J.: 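Below is a structure I'd like to ask you about.
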4 protein chains.
Amino acid sequence: MARPRNAAIDGKVLAAAAEELRRGGYEGLSVDRVAERAGVAKTTLYRRWASKAELVVALITTLREDVPFEPSDDPRRDLTELVTAIAANLAATPPSLVADLAAAAARDPRVGEAVRALWAGRHQAVTAVVAKAQEAGLVLDHVAPAVLVDQLAGPLYYRLLVTGEPLTPDYARTLIDSVLGPEEPR
Amino acid sequence: MARPRNAAIDGKVLAAAAEELRRGGYEGLSVDRVAERAGVAKTTLYRRWASKAELVVALITTLREDVPFEPSDDPRRDLTELVTAIAANLAATPPSLVADLAAAAARDPRVGEAVRALWAGRHQAVTAVVAKAQEAGLVLDHVAPAVLVDQLAGPLYYRLLVTGEPLTPDYARTLIDSVLGPEEPR
Amino acid sequence: MARPRNAAIDGKVLAAAAEELRRGGYEGLSVDRVAERAGVAKTTLYRRWASKAELVVALITTLREDVPFEPSDDPRRDLTELVTAIAANLAATPPSLVADLAAAAARDPRVGEAVRALWAGRHQAVTAVVAKAQEAGLVLDHVAPAVLVDQLAGPLYYRLLVTGEPLTPDYARTLIDSVLGPEEPR
Amino acid sequence: MARPRNAAIDGKVLAAAAEELRRGGYEGLSVDRVAERAGVAKTTLYRRWASKAELVVALITTLREDVPFEPSDDPRRDLTELVTAIAANLAATPPSLVADLAAAAARDPRVGEAVRALWAGRHQAVTAVVAKAQEAGLVLDHVAPAVLVDQLAGPLYYRLLVTGEPLTPDYARTLIDSVLGPEEPR
DNA sequence: TCGTAACCGAGACGGTACGTCGTGTCTTCTT
DNA sequence: AAGAAGACACGACGTACCGTCTCGGTTACGA
C-alpha cells in the first residue's frame with residue numbers, strides 16, 4: 001500500500017559511513033557528511049538508524065563476516081583458530097572505534113544491547129569449545145568456562161584499549177597455552 | 001619577569017574538570033562549564049591547555065595516585081588484595097568514562113601516553129607479585145608473568161566495557177583461582 | 001521542495017536587533033543577545049545574515065519608513081516642517097548610533113548603500129521643496145538646490161556628531177532663515 | 001624624584017598606531033598589535049593613554065598640522081582658503097575614522113572633549129573670518145556667524161559621513177558662494 | 001651616594017563577543 | 001508512506017580583543 005524502502009540506500013549509506021569511519025574514526029564521522037557522500041537525505045538516514053551510534057553499530061555488524069565455524073575433534077586447535085581469528089579481527093579495527101562503541105554502549109542501553117550482541121556472536125563459539133575441552137579433561141575443572149573465556153577474550157581488549165600493545169597470533173597462542181597448559185609433544 | 005601564573009588556578013580548574021568528567025564523561029565535559037565552575041575565564045584555561053583533550057590529559061595525569069603497596073609473604077593474599085582493589089576502583093568508575101579515556105587515548109598519542117601511565121601505575125605491583133608467585137612455584141612457569149597479568153586485569157576491563165557484567169570481589173577471586181589453582185586447605 | 005523558512009523569524013530577529021541597537025548602538029549589539037531575545041537559535045540567525053554587519057544592514061533598510069509628505073503652497077512653511085521633523089528625528093536618536101551607522105557604512109559598501117538609502121528618503125522631499133522655492137524666487141538662484149539642502153541638513157548632523165550642540169526647532173528655523181532670508185512681514 | 005618617561009616611546013607608539021589605523025581603520029586597530037609593533041609593553045601604552053579611543057584621539061591630534069593662518073584684507077579669499085583646507089584635510093582622512101571618532105565621542109565624555117577640541121581648532125578661524133565679513137557687509141546680518149560656520153563646515157561632514165559624496169575644492173567654493181553670494185566681477 | 005619612586009617589559013587574567021560545527025527534529029514538496 | 005531538501009533548536013568549540021593586574025628589573029632624582 002505504501003511505497004517500499006529503497007533497498008539500495010542501506011548499502012550506499014553504509015559504504016559512505018565506512019569511508020568516513022576509516023578517515024576520521026567515530027568522532028570524525030559526521031552524519032551530514034555521510035548523507036551527502038551517500039547522496040541521500042538526512043531524513044532517510046535517520047529513518048533507518050535512530051542515531052549516529054546506531055548507524056555505526058549497523059556498519060560494524062555488517063562488517064562482521066560470520067565465519068562459519070565447525071568444531072573438529074581437537075579442542076586446542078579449535079580454540080587456537082577461534083581466538084586467533086578474534087584477535088585478527090580486533091587488530092584490524094581502529095582501537096578508537098572499539099572504545100567509542102563501548103562508550104556509546106555504556107551511555108545508551110539500546111546501543112549497549114546491539115554492541116553486546118556484536119561481541120557475543122564472536123565469543124559464543126569460544127565458550128562451547130572451552131566447555132568441551134573441560135569435559136575432555138584438558139582444563140582444570142575448578143573454574144567455570146565463562147571465566148576462562150573472559151581470560152581468553154579479555155586480554156585482547158585489554159591490550160587494544162588499555163595498554164596499546166599489538167594483538168599478534170603469537171599472543172593469542174600464548175593465552176591458550178596459559179589456559180590449557182603447554183602443548184604436549186605427541 | 002612577568003606576572004607569574006596563579007598556581008591555584010590549575011587546581012581549581014582540574015578539580016572542576018574532574019567533577020565534570022565524573023558526571024558526564026569526556027563527551028559531557030564542556031570547557032565553558034569547567035571554566036565557570038572553576039571561577040576562571042575561558043581564556044585563562046586555554047592559555048594553559050590548548051584544547052579540551054589536553055586538559056583531560058592533565059587531569060588524568062593528576063588523578064594517578066600511587067597507592068603504596070607493600071607485599072607480604074603470601075603472594076596469593078597480595079594478589080587478591082591487589083586485584084580486588086583494582087576491580088573495586090573500576091567498578092566505582094563510570095564505564096563510559098573508562099571507554100572515553102580509551103578512545104581519547106587511541107586518537108591522540110599524547111593522551112594515550114597519559115592514560116597508559118595512569119593504568120600502568122596500578123598494574124605494576126600486580127606484575128611483581130605474579131613474578132614472585134611464579135618463583136615460589138605457585139604458578140605454572142611456562143607462561144610469562146606479563147601474560148598472567150593480562151589474564152587478571154584484562155577480564156576486568158572486558159567485563160566493564162564489553163559484556164557489562166558486574167565486577168564483584170568474588171569475580172576477582174575467581175580470576176586468581178583460575179591462575180593460581182584453587183586454594184589448598186592447609 | 002524543502003521546508004520553507006519561517007517568515008515570522010525575520011521580523012522577530014529584526015525587532016530584537018532594533019531594540020539592541022537602540023540601547024547600545026552598533027558596538028553594543030550582540031548577536032547572541034539578539035538571538036536570545038528573538039527566541040531564535042544563533043544558527044538560524046546566521047543562516048539568514050552572514051554577519052552582524054549584514055544583520056544591521058537589513059535592520060536599517062527596514063527602518064526606513066517613508067514619511068508621506070504633501071507640499072502646500074508655502075515653500076517656507078513646508079521647509080520648516082520638513083527640517084524641523086528631521087531635526088526632531090535626529091535629536092531623538094542616540095548620537096552614537098548615527099555615528100556607528102556612518103562608520104559601518106564607511107567600512108562595508110553594502111552597509112553604506114543601505115544607510116545612504118535610509119537618509120536619502122528623508123532628504124529627497126527637502127530637495128524638491130528647495131527647488132520649488134527657488135522657482136518662486138525665494139532663494140538666490142546662483143546656487144544649486146543640492147547645495148542648499150546640504151546647508152540645511154548638514155548642520156544638523158554636524159551639531160549632532162561633531163560639536164554636540166542641541167538640535168532645537170529654533171535652530172532648524174534659523175537655518176532656514178539663513179537660506180531663505182528672514183521671514184518678511186506680510 | 002622619579003624616573004622620567006621615555007620621550008621616544010610616544011613617537012614609536014603613535015607611529016605604530018598610525019600604521020595600524022591606515023590598514024584596518026579604527027575597528028581594525030588592535031592595542032596589542034600596536035604595542036607589539038612599537039616594541040613597547042601594553043602597560044606602558046596604557047599608562048599614557050587610558051584607552052584605545054584616547055590613543056587614537058592623540059594620534060589624530062598629532063596629525064593635525066596647525067596651519068598657521070594669517071588673515072588678509074579679503075575675507076572671501078580667507079574663507080576660501082580656510083574651508084578648502086578643511087575639506088582637503090577631511091577628504092584625506094578615512095571616513096570611518098571620523099565616524100568612529102564621533103561615536104567614541106558620543107559614548108565617552110572625555111573622548112568627546114578631546115575630539116571636539118580637535119575640530120574646534122580648525123573652525124575657530126572660520127568663525128573669526130565670517131564675523132569680519134559680516135562687519136564688512138559681505139553677508140546678510142540677520143544670521144549669527146556661528147550658524148554660517150555650521151553651514152560651511154556642516155556640509156563637509158555631511159557629505160563625508162552621510163551621503164558619501166566627494167569633498168572637492170570646487171564644492172568648498174560653492175558653499176562659500178552660497179553664503180556670501182556669487183563673486184562679483186570687479 | 002644611595003634610597004626610593006616611577007618607569008618599563010612581559011605576560012597572566014577576567015570578561016565578552018564572534019562565527020563555525022555537529023546532532024537530531026521538523027516541515028514541506030515530490031514520487 | 002518513502003525520499004529529497006533544508007530549516008531549526010541547542011549547545012559546544014576555539015579565537016580575538018580590551019583593559020587591569022602583578023611581577024621583576026631599571027633608571028633618574030633628591031636627601
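Since this is a predicted model, take the numbers as computed values, not measurements. Letters go in sequence order (proteins before strands), and every chain restarts at 1.
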J.: Which heavy atom of A:Ala35 sits nearest a heavy atom of A:Ala41, and at what distance?
T.: CB-C, 4.4 Å

J.: Could you state the CG-P distance from C:Asn6 to E:dT27, rounded to the nearest angstrom?
T.: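 For the pair C:Asn6 CG and E:dT27 P, the rounded distance is 11 Å.
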
J.: 5'-most contact on DNA chain F: C:Ile9 or A:Lys12, nearest heavy atom basis?
T.: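 The residue whose closest nucleotide sits nearer the 5' end is A:Lys12.
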
J.: Using the salt bridge (Lys or Arg N to Asp or Glu O under 4.0 Å) criterion, which residues pair with C:Lys42? Sequence neighbours excluded.
T.: C:Asp32

J.: Kindly calculate the angle separating the two end axes of the helix from E:dT1-F:dA31 to E:dT31-F:dA1, each obtained from five base pairs, and round it to 10 degrees.
T.: 10°

J.: Check the pair C:Val56, C:Asp100 against side chain to side chain contact (heavy atoms under 4.5 Å, CB included), reporting the backbone distance first and the verdict last.
T.: CA-CA 11 Å; C:Val56 174; C:Asp100 277 328; over 6 Å; no

J.: Taking N or O atoms only and anything under 3.5 Å, show me the protein contacts with nucleotides 23-25 of chain F, one pair per line.
T.:
| from | atom 1 | to | atom 2 | distance (Å) |
| --- | --- | --- | --- | --- |
| F:dC23 | O2 | B:Met1 | O | 2.5 |

J.: How close do C:Ala38 and C:Val13 get, counting heavy atoms only, and between which atoms?
T.: CB-CA, 3.8 Å

J.: With a 4.0 Å heavy-atom cut-off, tell me which residues in residues 45-58 of chain D come close to DNA chain E, sorted by residue number.
T.: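 Residues of residues 45-58 of chain D under 4.0 Å from DNA chain E: D:Arg47, D:Arg48.
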
J.: Rounded to the nearest 0.5 Å, how far does CG of D:Leu118 lie from OG1 of D:Thr61?
T.: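 If we round to the nearest 0.5 Å, D:Thr61:OG1 and D:Leu118:CG are 5.0 Å apart.
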
J.: Mind calculating the distance between CG (A:Asp10) and C1' (F:dA2) to the nearest angstrom?
T.: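 The answer, rounded to whole Å, is 13 Å.
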
J.: Under the side chain to side chain contact (heavy atoms under 4.5 Å, CB included) rule, collect the residues that match up with D:Ala17, sequence neighbours excluded.
T.: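 Here the qualifying residues are D:Leu29, D:Val34, D:Leu55, D:Leu59.
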
J.: Using the side chain to side chain contact (heavy atoms under 4.5 Å, CB included) rule, take C:Val57 and C:Trp49 through it: C-alpha gap first, then chi angles, then the decisive distance, then the call.
T.: CA-CA 9 Å; C:Val57 174; C:Trp49 302 280; over 6 Å; no

J.: Which residues pass the side chain to side chain contact (heavy atoms under 4.5 Å, CB included) test with C:Arg48, sequence neighbours left out?
T.: C:Arg5, C:Asn6, C:Ile9, C:Asp10, C:Thr44

J.: In whole Å, I'd like the distance from the CZ atom of B:Arg37 to the C1' atom of F:dA12.
T.: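 Result: 16 Å.
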
J.: Once you round to the nearest 0.5 Å, how far does CG of A:Leu45 lie from NZ of A:Lys12?
T.: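 With rounding to 0.5 Å, CG (A:Leu45) is 11.5 Å from NZ (A:Lys12).
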
J.: With sequence neighbours left out, what residues match B:Ser96 under side chain to side chain donor-acceptor pair (under 3.5 Å)?
T.: none

J.: Taking 4.0 Å as the cut-off, does a side-chain nitrogen or oxygen of C:Thr44 come that near to OP1 or OP2 on F:dA9?
T.: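 Affirmative; the distance criterion is met.
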
J.: Residues two or more places apart in sequence or in another chain: which of them pass side chain to side chain contact (heavy atoms under 4.5 Å, CB included) with A:Ala15?
T.: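 Partners of A:Ala15 by the side chain to side chain contact (heavy atoms under 4.5 Å, CB included) criterion come out as none, since no residue qualifies.
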
J.: Let me know the distance between CD of B:Glu36 and P of E:dG14, rounded to the nearest Å.
T.: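 These atoms are roughly 13 Å apart.
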
J.: Could you tell me whether the side chain of A:Lys42 has a donor or acceptor atom within less than 3.5 Å of a complementary atom in the base of F:dG6?
T.: no

J.: For residues 20-28 of chain A, tabulate all N or O donor-acceptor pairs below 3.5 Å that involve a side-chain atom, not counting sequence neighbours.
T.:
| from | atom 1 | to | atom 2 | distance (Å) |
| --- | --- | --- | --- | --- |
| A:Glu20 | OE1 | A:Arg33 | NE | 3.2 |
| A:Glu20 | OE2 | A:Arg37 | NH2 | 3.2 |
| A:Arg22 | NE | A:Glu19 | OE1 | 3.3 |
| A:Arg22 | NH2 | A:Glu19 | OE2 | 3.0 |
| A:Arg23 | NE | A:Glu19 | OE2 | 2.9 |
| A:Arg23 | NH2 | A:Glu19 | OE2 | 3.3 |

J.: Going by heavy atoms closer than 4.0 Å, what residues in residues 20-35 of chain A are next to DNA chain E?
T.: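 Output list: A:Leu29, A:Ser30, A:Val31, A:Asp32, A:Arg33.
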
J.: With sequence neighbours excluded, tell me which residues meet side chain to side chain contact (heavy atoms under 4.5 Å, CB included) with D:Val98.
T.: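 Once residues adjacent in sequence are excluded, the partners of D:Val98 under the side chain to side chain contact (heavy atoms under 4.5 Å, CB included) criterion are D:Leu90, D:Thr93, D:Trp119, D:Tyr157, D:Leu160, D:Leu161.
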
